[in-house]
Amino acid sequence: HGGSGQYGRNFRMQWLKLCDLNFMRTQHLQNPYNEGKPVKVGRDCQEIEPSVGAQLVAIMYNEPDSALAQLIGQPNLPAQPAQGPSSSSGG
């Protein structure tokens, strides 16, 4: 396998959060979808178990925004409370 072809065509993305996150802040999170390895260990497009992903997002939400957001022209988005996975998502 190789190349971007395995994931389909290119698509546009808007990052909702850009921040520096020290691995020490996530060391307690293991991903059962990746043999229970820490979330810092994964491949590109690595799926993360939803409850672990929600914890990771909550940690990121509380981190200050990175200067990278301004560098790439990311628009400032209004702050919104972190939410868990929707029960209607089937997950």
Pair up each side-chain donor or acceptor in residues 18-25 with any protein partner under 3.5 Å, not counting sequence neighbours, and list the distances.
from	atom 1	to	atom 2	distance (Å)
N22	OD1	M24	N	2.7
R25	NE	E63	OE2	2.9
R25	NH2	E63	OE2	3.1

Output all residues satisfying side-chain hydrogen bond (donor to acceptor under 3.5 Å, both in side chains) with [X], sequence neighbours left out; order by chain, then residue number.
X: Q46; answer: R43
X: E47; answer: none
X: E49; answer: S51

Of all heavy-atom pairs linking M60 and K17, the shortest is O-CE, 3.0 Å
Nearest atoms (heavy-atom pairs only) where I59 meets L29
CD1-CD1, 3.9 Å
List for me each residue that meets salt bridge (Lys or Arg N to Asp or Glu O under 4.0 Å) alongside K40, sequence neighbours excluded, and say none if there are none.
none
Quick one: which residue pairs count as a salt bridge (Lys or Arg N to Asp or Glu O under 4.0 Å) with a foot in residues 26-35, not counting sequence neighbours?
E35-K37
Main chain of V52, side chain of N31: is a donor-acceptor contact present, judged purely on distance under 3.5 Å?
no
